[in-house]
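Within every chain, numbering begins at 1; the chains are lettered A, B, ... in the order of the sequence lines, protein sequences first and strands thereafter.
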Amino acid sequence: MAPAAASGDRAVPFWSDVFGRRRWALYASYFFLFLFIVFFLFPPYYMLITSFKTNAEISSLAGNPWVIQGDVTLEHYRNLLLETSFPVYFRNTVVVTVLVVTISMVISILAAYSLARMRFWGSATLATGIFLTYLVPETLLFIPMFKIVGGLGLLNSYWSLVLVYPTLVVPFCTWILIGYFSSIPRELDEAALIDGCNHFQMLTKIFIPVAKPGIIAAVIFAFTVSWAQFIYPLAFLYSEDQLVLTVGTVTTLIRGDVFAWGGLMAGALMAAAPPVILYAFLMDYYIAGLTAGATKT
Amino acid sequence: MARRETTGLVTAGAAGGQGGLGRRWTRFRQSRSALAFLLCLPLVLLIAGLVVYPFFYAIYLAMLNRAETAFVGLDNFAFLFGRSTFWMVVRQSILFTLTAVFFKALIGFVCAHLIHNLPPRGQRVWRGLSLVPWVIPPALSTLGWWWLFDPTYSAINWLLTSFGAAAVPWLSDVFWARFSVILVNIWYGAPFFLIMYLAALKSIPEELYDAAKVDGASAWQRLVYITLPMMRNIIAITMLFSTIVTFANFDIVRVLTQGGPRNTTHLFATYAFKLGIQSGDIPLGAAVSLFMFPILALFAMFILRDVRERTRRL
């Protein structure tokens with residue numbers, strides 16, 4: 001008991017010693033944190049090992065389901081890529097996401113530049129309105145959207161998603177970009193003005209480079225929302241050539257009563273991979289964007 | 001003259017060569033107002049066309065009959081009021097939101113403290129791992145939970161039975177089905193609270209704790225008199241945000257139970273989807289989702305007040 005020895009002649013239990021207590025608290029933190037991490041990670045872990053199991057092992061009730069006991073197989077992944085519409089869903093999702101991110105960023109950057117630096121009649125109201133729009137959940141408006149998309153003849157076309165996703169993305173992106181743009185010192189504007197910059201040059205040469213972390217955070221947000229959206233494609237799309245990953249995986253990989261669990265888990269993991277990989281590489285930007293919504297004003 | 005006819009966008013730059021800075025500054029300012037509005041125009045059109053208009057359109061739709069041929073006033077709302085299923089959805093939505101938000105906040109708070117206790121070097125990895133549930137699209141991760149809750153192959157039940165406990169009918173029993181959707185929502189949402197609270201903890205100046213230690217404050221006193229008051233704003237706004245998102249949840253319930261067993265796990269969104277899109281009664285579905293609005297508006301008002309306050313203080 002090293003901590004007890006450190007407390008020496010004082011007749012106190014070892015854990016109330018300052019250093020001992022700190023160490024004890026550290027061990028306890030690690031222990032409980034470990035439990036929470038197990039709670040957070042066991043579902044993806046279980047999905048992963050299921051996707052590598054053979055069908056025979058998945059359907060057998062004998063043995064521990066939490067480990068792979070038989071052969072490790074890539075059969076489910078191969079099947080998914082070669083014999084289902086999964087690659088089509090992937091392509092559709094990429095097209096929708098790229099377009100939505102591009103459109104949303106253009107709209108957001110222009111609006112944020114204007115709201116951060118120029119005042120015009122109603123600009124304060126507009127900024128508040130943007131924030132309120134961000135609070136409107138997609139589940140409030142999917143029924144009128146369904147009618148509107150139908151009226152435009154876009155039902156069962158992934159172009160409908162390109163039309164409606166910006167409503168979920170633009171308000172938040174504009175909001176955090178206003179925050180980032182406002183924090184750029186006005187001296188930079190003036191210096192640029194002296195050098196003869198116009199608005200467009202000021203935006204591309206000063207605001208966008210200086211607010212790059214904010215722009216990356218906004219892009220990540222736009223990407224994640226478009227990739228993960230579920231209710232709109234579920235309501236709008238039904239043919240296999242138009243489906244996106246979330247809905248395609250949930251609706252077409254579950255076939256009747258015979259669940260192809262291995263394939264389903266492999267599909268869910270592959271569909272989830274791009275946001276997870278993006279997060280792994282850009283964690284700090286991701287977190288900055290996450291906290292900016294509520295902590296930046 | 002030619003210069004005066006150019007658009008605002010070019011004026012400031014074209015004026016470059018001649019005239020003093022003062023004149024250029026005035027012209028720059030003059031070009032601003034119209035240009036500012038022009039730059040906001042795409043956003044204004046987007047919000048007006050695809051948020052504000054659909055909202056009023058939803059109100060109009062909710063007052064039509066099923067075939068959308070006749071105006072029936074508030075009949076759809078009255079019809080819902082008379083249905084016990086609707087009241088069950090109301091109760092379940094409230095139970096779901098309150099329980100899930102409370103536990104998400106609690107787990108987030110505890111985990112944030114645990115991570116904050118670690119040496120700074122190690123924090124990154126733990127923080128990175130704990131955010132994984134938030135990063136996976138919920139519709140997809142819920143598929144994994146669905147497989148974990150499978151009546152025959154449930155891997156959670158395998159663990160329970162190997163410890164001698166009874167197998168749990170996760171998605172077929174009313175209580176457990178409600179428990180399951182809430183559990184998955186907590187699993188998905190707790191990391192968001194964790195990140196927010198961790199950011200809040202990091203912003204509390206260390207000197208406050210040092211001073212408190214000198215004064216002999218216990219860990220509990222430091223938590224109650226320093227940490228909580230300093231985090232109050234973040235705790236409040238995170239819970240308000242999360243309440244809106246949780247209340248409007250769709251993905252988890254839709255994938256895990258589809259509202260079953262016997263409609264007991266339906267939330268407003270999934271119930272509206274079932275009535276409006278699946279059963280084809282668009283007006284009734286629109287009426288159900290509109291019921292979310294008053295509660296959402298209330299919470300939005302609280303958030304806005306908080307945000308306004310902070311903007312003023314800056």
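Within the 4.5 angstrom heavy-atom criterion, atoms from both the backbone and the side chain of T152(B) approach chain A. Looking at L240(B), there are no atoms closer than 4.5 Å to chain A (heavy atoms on both sides), in backbone or side chain. For V52(B), no part lies near chain A; criterion is any non-hydrogen pair under 4.5 Å. Both the backbone and the side chain of R124(B) have a heavy atom closer than 4.5 Å to some heavy atom of chain A. For chain A, the nearby parts of W187(B) are the backbone and the side chain; heavy atoms of each come within less than 4.5 Å. Using a 4.5 Å cut-off between heavy atoms, V51(B) touches chain A through backbone and side chain atoms alike. For F36(A), the part lying near chain B is the side chain, with the backbone staying farther off; criterion is any non-hydrogen pair under 4.5 Å. Contact annotation for I103(A): neither backbone nor side-chain heavy atoms come within less than 4.5 Å of a heavy atom of chain B. Both the backbone and the side chain of A272(B) come within contact range of chain A, with heavy atoms under 4.5 Å apart. Interface residue L33(A): backbone and side-chain heavy atoms are both found under 4.5 Å from chain B. Both the backbone and the side chain of S59(A) come within contact range of chain B, each with at least one heavy atom under 4.5 Å from a heavy atom of that chain. For V110(B), the part lying near chain A is the side chain, with the backbone staying farther off; criterion is any non-hydrogen pair under 4.5 Å. Proximity to chain A is limited to the side chain of L61(B), based on heavy atoms less than 4.5 angstrom apart. Heavy-atom distances place no part of L275(B) under 4.5 Å from chain A, backbone and side chain included. Looking at I277(B), the atoms closer than 4.5 Å to chain A (heavy atoms on both sides) all sit in the side chain, from C-beta outward. With a 4.5 angstrom heavy-atom cutoff, L296(B) touches chain A only via side-chain atoms. For W126(B), the parts lying near chain A are the backbone and the side chain together; criterion is any non-hydrogen pair under 4.5 Å. Only the side chain of D284(A) comes within less than 4.5 Å of a heavy atom of chain B; its backbone N, CA, C and O stay farther away. With a 4.5 angstrom heavy-atom cutoff, L38(B) does not touch chain A via any of its atoms.
Ring pair W145(B)/F42(A): centre-to-centre distance below 6.0 Å. Aromatic ring centres of F146(A) and F273(B) lie farther apart than the 6.0 Å criterion allows.
A donor-acceptor pair is defined here as one N or O able to donate and one able to accept, closer than 3.5 Å; no such pair exists between the side chain of S29(A) and the backbone of L118(B). For the pair Y279(A) (side chain) and V132(B) (backbone), a donor-acceptor distance under 3.5 Å is absent.
Taking the ring pair (Phe, Tyr, Trp, His ring centres under 6.0 Å) definition, one finds that F193(B) meets it with Y197(B), sequence neighbours left out. Y238(A) meets the ring pair (Phe, Tyr, Trp, His ring centres under 6.0 Å) test with no other residue; sequence neighbours excluded.
Of the options T133(A), L163(A), V170(A), a side-chain contact (heavy atoms from CB on, under 4.5 Å) to L50(B) is made by L163(A) and by none of the others.
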